[in-house]
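Numbers here are sequence positions counted from 1.
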Amino acid sequence: IDANDIITEYQAGSSTSLGLSAKDVIGQTVHNIPMLNVGNRLFLAIRHARKARQRTNIEYVLFANDQRHFFEARLFPVTGDQLAILVRDITERKLEEIRLQINERRLRRQNKLLVVAAKSKHLTSGDLDTALKEITTIAAQGLSVERSSIWLYNEDHSTLTCANLYVRNSNHHSCGQKLLASDYPAYFEALSNKRT
């Protein structure tokens with residue numbers, strides 16, 4: 001772009017998701033280009049890059065077809081007040097970063113609950129019912145699920161009996177429900193083959 005923020009040269013990579021051709025942008029002010037329509041942030045970045053004579057980066061989000069697209073714009077001083085602006089679609093990278101952050105938060109929460117469980121007197125009290133209640137409660141919280149349960153096989157593996165079922169929404173524990181292998185053959189086959 002020139003000193004008046006007019007685009008004088010333009011190139012797009014073959015894998016661009018920006019969908020603009022040179023005839024669409026050359027001669028236009030950079031502030032009118034949809035892929036850079038990030039309001040005052042772009043204006044401030046341009047001003048900073050020119051004044052400080054150093055590279056300036058900004059990241060921003062645009063919505064297209066009801067989907068978020070993440071972009072990074074790098075502004076480089078060239079000569080005089082001219083700047084080069086490199087725009088990249090970083091959506092895949094940002095979505096992976098978000099997934100990693102969510103997983104990291106979940107693991108931290110689960111580790112915290114495991115520490116709480118390890119310090120719990122209920123688990124070492126010798127009272128199995130109390131211990132099972134504690135385990136199902138901690139599991140539901142740690143996994144962020146509505147229901148957590150522990151089921152026990154009978155001797156010949158023909159029946160599963162619920163030792164404890166915790167429902168988080170109602171903060172309710174129950175037990176005693178039975179599942180018969182004859183009623184749920186595929187489920188019992190999966191359990192016996194350890195395909196749980």
Side-chain angles (χ1 to χ4, degrees), residues 15-19 34-41 57-73 87-196:
S15 63
T16 183
S17 61
L18 305 176
M35 70 179 182
L36 287 169
N37 190 9
V38 287
N40 203 38
R41 291 187 62 213
N57 295 347
I58 60 170
E59 290 184 6
Y60 55 95
V61 179
L62 295 177
F63 287 86
N65 301 325
D66 294 328
Q67 291 186 332
R68 284 187 303 176
H69 294 271
F70 295 83
F71 292 97
E72 174 187 61
V87 179
R88 294 188 313 152
D89 185 333
I90 57 171
T91 301
E92 283 186 35
R93 185 188 87 200
K94 293 301 279 187
L95 292 177
E96 184 58 28
E97 286 174 10
I98 290 168
R99 279 191 291 274
L100 288 172
Q101 289 168 359
I102 290 168
N103 286 340
E104 189 177 309
R105 280 196 299 270
R106 184 172 54 242
L107 283 174
R108 274 199 304 266
R109 186 177 67 246
Q110 289 171 355
N111 285 337
K112 185 178 177 183
L113 288 168
L114 287 173
V115 169
V116 168
K119 294 177 181 177
S120 172
K121 293 179 180 146
H122 298 298
L123 296 182
T124 56
S125 68
D127 181 352
L128 182 60
D129 288 339
T130 302
L132 293 178
K133 284 181 178 179
E134 184 83 356
I135 291 168
T136 53
T137 302
I138 288 170
Q141 292 170 349
L143 298 172
S144 295
V145 294
E146 179 58 25
R147 295 159 52 101
S148 172
S149 57
I150 297 172
W151 295 74
L152 304 175
Y153 278 119
N154 65 348
E155 272 188 44
D156 65 356
H157 287 202
S158 63
T159 305
L160 279 172
T161 303
C162 182
N164 191 276
L165 166 67
Y166 174 68
V167 180
R168 198 167 74 163
N169 189 37
S170 60
N171 193 28
H172 178 71
H173 290 269
S174 62
C175 63
Q177 300 92 327
K178 293 189 182 296
L179 296 178
L180 303 177
S182 57
D183 294 336
Y184 300 94
Y187 186 66
F188 275 75
E189 183 186 345
L191 289 170
S192 64
N193 293 330
K194 294 186 170 52
R195 292 188 292 109
T196 53

Determine the minimum heavy-atom distance between F70 and D89, stating which atoms define it. O-OD1, 3.3 Å
How long is the straight-line distance from CG of L95 back to CG of L100, given to the nearest 0.5 Å? 11.0 Å
Just to verify, what does S174 make a side chain to side chain contact (heavy atoms under 4.5 Å, CB included) with, not counting sequence neighbours? L165, H172, Q177
For F63 and R68, which heavy atoms make the closest approach, and how far apart are they? CE2-CG, 3.0 Å
Between the OH atom in Y166 and the CD1 atom in I135, the distance rounded to the nearest 0.5 Å is 14.5 Å
If you apply the rule side-chain hydrogen bond (donor to acceptor under 3.5 Å, both in side chains), what do you find for N103 with R106, and how did you get there? CA-CA 5 Å; N103 286 340; R106 184 172 54 242; 2.4 Å; yes
Mind checking the CG-OG1 spacing from N154 to T159? Nearest 0.5 Å is all I need. 4.0 Å
Can you tell whether the side chains of R93 and E96 come within less than 4.0 Å, N to carboxylate O? no
Run the side-chain contact (heavy atoms from CB on, under 4.5 Å) test on L160 and Y153 for me, step by step, so that the C-alpha distance in whole Å, both residues' side-chain angles and the decisive distance to 0.1 Å come before the verdict. CA-CA 5 Å; L160 279 172; Y153 278 119; 3.7 Å; yes
Please verify the inter-ring angle class for Y187 with Y184; under 30° counts as parallel, over 60° as perpendicular, anything in between as tilted. perpendicular
How close do F71 and V87 get, counting heavy atoms only, and between which atoms? CD2-CG1, 4.1 Å
Between CG on residue L143 and CZ on residue R109, distance to nearest 0.5 Å: 8.5 Å
Using a 3.5 Å distance criterion without hydrogens, assess whether the side chain of E72 forms a donor-acceptor pair with backbone atoms of R88. no
Minimum-distance pair of heavy atoms, taken over all atoms of A73 and Y60: CB-CE2, 4.0 Å
Of the non-hydrogen atoms in Q141 and R168, which two are nearest, and what is the gap between them? CA-NH1, 3.9 Å
How far does CG of L62 sit from CD of Q67, to the nearest 0.5 angstrom? 13.0 Å
By side chain to side chain contact (heavy atoms under 4.5 Å, CB included), L132 pairs with (sequence neighbours left out) L128, I150, A163, N164
Drop me the distance from F188's CZ to S182's OG, to the nearest 0.5 angstrom. 8.5 Å
Do L191 and W151 make a side-chain contact, defined as non-hydrogen atoms from C-beta onward lying under 4.5 Å apart? no
Can you give me the closest heavy-atom contact between K133 and H173, atom names plus distance? O-CE1, 3.2 Å
